Amino acid sequence: MSLPIEDYALISDCFTGALVGKDGSIDWLCLPRYDSQSMFGALLGTEDHGRWLVAPDDAAAISTRHYEKDTMILVTRWRTADGEVEVVDAMPMGDHRADIIRRVRGVSGTVQMRQDLRIRFGYATAIPWVRQEKEERPHALIAVAGPDAIVVRGSELHAANHSHEGSFTVRAGQTVDLVLTWFPSHREAPPALDVDNALQHTREWWTDWASGCAHEGPYRDEVVRSLLLLRALSHLETGGIVAAATTSLPEAFGGQRNWDYRYVWLRDASLTIGVLLEHGYNDSVDHWRDWLLRAIAGDPGDVQIMYGLAGERDLSERIIDSLPGYQGAHPVRVGNGASTQFQADVIGEVMLGLDHGRRAGNTETRFSWALQRALMGYLEQHWRDPDHGIWEIRDKPQQFTHSRALVWAAFDCAIRGVEEYGLDGPVERWKRERDAIRADIEANGWDAHRGTYVQHYGTTAVDASLLQLAQVGYVDADDPRMLGTVRALEEDLLRDGLLLRYRTESGVDGLPPGEHPFLACSFWLVEQYARSGRLADATRLMDRLVGLANDVGMLSEEYDVDGRSHAGNTPQALTHLALVRAADAIAEATG
């Protein structure tokens, strides 16, 4: 059975990533991209669905782990009765190869290590044909199935019941390198990697990137780690930013709320660009903007809310039966049906991201501004339409207050582009639309009796997404309307001090009820507290939230307060970017 979600750590080469468990097993790996089919799928099943274990042979061995300074290089130290070893796990940067390094270093004494390699290409549908290259040094094993092939070099392995096992001894001062390399099966296996050079270059690459972080104030370590994870979820060449590294980790254990997050949501990517710009990474907006222009080029009416890493449009959702699901949570989904939904807020987030870029000094191109004008033209025709909202409900569309407020923000950004940056556009018409949207929200999205904004028109229920109304400038954080909304959220959606997205038992999303507090929403509440003068409450909640991160600073989508465990896909980009925003708000409030 797979480990608790919080027992995994991510290593990445900014093309894909692997989840490494505390037990030394890589239980999730898709090559060569995050959204490729899995080769190690034990995360969503058992070891027979693919894994690569490297750990002491001593079942009583105890491990601790950390990332090497400001990098994505994972170091796990094992202590046994006979000695200590370190396993350094990394995916090399900058060589345009798909490699995983597992360097075993003897620290003291003598430790017997073991390997268990179970290769299952195609979401565990293909056990490969394997051959040994015993003449090669170090020893090499080559596995091939369909379009995929890997070569594993290092300590010798032998076949055993559809797996390959091996053992080796490491003494103090000794190093044993194990390297896995993926390559297309129609090509020859790449040459052996220079591990010393690859590790040093990777160390320097991550350290140099992290050194550019501009953040002064509390929670600096958490901010830097979150930014590193956001960078790790970004594709180095295309500029796409995935929402998480995994698919189908359950929001409710044993339930059906299992989704594939290995794609680029315009919303999450736009918000990520915002926090990167706020922390000195100005060049990131050009890379992402180029991705955006390629992905949504064409008729604005055809804009999707998410795409593949290179801008692929077909993300058809299907259920796969070859993986039984995380601790039995079924179904396992590949693709995401929400890609065809109308979510009106997404255009608002895109416009906000590009507005951030302009304010950071990035020059608008004729093509990029023309695209934004086309998006505004589409909104002029469709902002009154009901939509599926930020939470991607799978029931009938509604007129969500949050969506309307983000549409208001889109027009506000477009108007600012004309008035402050000299761009051309029908500014007076846009102002009339912006005013009409505000009037619509105040007439239909406001509950005067309770003094709160509501989830959607025609209901009295509230929604944590309403916290974003202050973030996007629709209303000030200390406005009485916003303070009333916060009171309603605290009354209705707090569970053990953490915030739910909404009440799933209302049936608004068309799914069986039940989920855990959504971590990004609680970080939004921290930001709201800090910006409305409740600094002590902001700090108290922030301390609790960062304390929920696992031992290497990773957070997933949700948190099970009863089971005290992470839930949902991991690491979650929205969670980590909301952490960064919350830390910034506290830093600003403390001067």
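From a predicted model like this one, the values you see are computed outputs, not experimental measurements. Reckoned from all heavy atoms, side chains included, excluding hydrogens, waters and symmetry mates.
Between the side chain of Arg231 and the main chain of Ser226, no donor-acceptor pair closer than 3.5 Å is present. Between the side chain of Ser38 and the backbone N or O of Leu29, no donor-acceptor pair lies under 3.5 Å.
Looking only at atom types and distance, the side chain of Asp70 has no donor-acceptor partner in the side chain of Trp206 under 3.5 Å away. Thr80 and Asp82 form no side-chain donor-acceptor contact under 3.5 Å, judged by distance and modelled atom types alone. Donor-acceptor pairing under 3.5 Å is lacking for the side chains of His158 and Gln132. Side-chain contact annotation: Trp265 with Glu392, donor-acceptor N/O pair under 3.5 Å present. Using modelled atom types and a 3.5 Å distance limit, the side chains of Thr181 and Asp99 yield a donor-acceptor pair. Looking at Asn336 and Tyr263, their side chains never bring a donor and an acceptor atom within 3.5 Å of each other. Between the side chains of Ser108 and Glu84, no donor-acceptor pair is found at a separation under 3.5 Å.
Salt bridge Arg65/Glu86: absent, no basic N to carboxylate O contact under 4.0 Å. Between Arg79 and Asp58 no salt bridge is recorded (no basic side-chain N to carboxylate O distance below 4.0 Å). Between Arg564 and Asp562, none of the side-chain N atoms (NZ, or NE/NH1/NH2) sits under 4.0 Å from a carboxylate O, so this pair counts as no salt bridge. With salt bridges taken as basic N to acidic carboxylate O contacts below 4.0 Å, one links Arg103 and Asp177. Using a cut-off of 4.0 Å between Lys/Arg side-chain N and Asp/Glu carboxylate O, Arg333 and Asp260 are scored as not salt-bridged. Checked for salt-bridge contact, Glu515 and Arg501 meet the test: a charged N lies under 4.0 Å from a carboxylate O. Of the charged side-chain nitrogens involved, none lies within less than 4.0 Å of a carboxylate oxygen, so that Asp584 and Arg581 do not count as a salt-bridged pair. For Glu133 and Arg131, the salt-bridge test passes: some basic side-chain N is under 4.0 Å from an acidic carboxylate O. A salt bridge between Arg257 and Glu557 is absent, with no side-chain N of the basic residue lying under 4.0 Å from a carboxylate O of the acidic one.
A distance of 13.0 Å separates OG of Ser155 from CZ of Arg114, quoted to the nearest 0.5 Å. In this structure, His139 NE2 and Glu156 CD are separated by 4.5 Å, a value rounded to the nearest 0.5 Å. To the nearest 0.5 Å, atom CG of residue Leu10 and atom OG1 of residue Thr570 are 8.0 Å apart. The line from OG of Ser12 to CG of Leu233 is 7.0 Å long, rounded to the nearest 0.5 Å. Expressed to the nearest 0.5 Å, how far CD of Glu68 lies from CG of Leu199 amounts to 8.0 Å. The CE atom of Met93 sits 10.0 Å away from the CE atom of Met72 when rounded to the nearest 0.5 Å.
With a 4.5 Å cut-off on side-chain heavy atoms, Leu229 and Met554 count as touching. Taking the side chain as every heavy atom from C-beta outward, Phe15 and Leu236 approach each other to under 4.5 Å. Contact annotation: the side chain of Phe253 approaches that of Ile5 to within less than 4.5 Å [non-hydrogen atoms, C-beta and beyond]. You'll find the side chain of Pro92 stays beyond 4.5 Å of the side chain of Arg97, heavy atoms only. The closest side-chain heavy-atom distance from Trp28 to Leu44 is below 4.5 Å.
Within 6.0 Å of the CG atom in Asp496, the count of heavy atoms belonging to other residues, nucleotides or ligands exceeds 12. Open room surrounds NE2 on His162; 12 or fewer heavy atoms of other groups in view lie less than 6.0 Å from it.
A tilted orientation is assigned to the rings of Trp391 and Tyr502, their planes being inclined by 30° to 60°. Relative ring orientation between Trp52 and Phe40 is described as tilted, the plane-to-plane angle lying within the 30° to 60° band.
When each of Asp543, Leu499, Leu541 is tested with Val526 by the rule side chain to side chain contact (heavy atoms under 4.5 Å, CB included), just one qualifies, namely Leu541.
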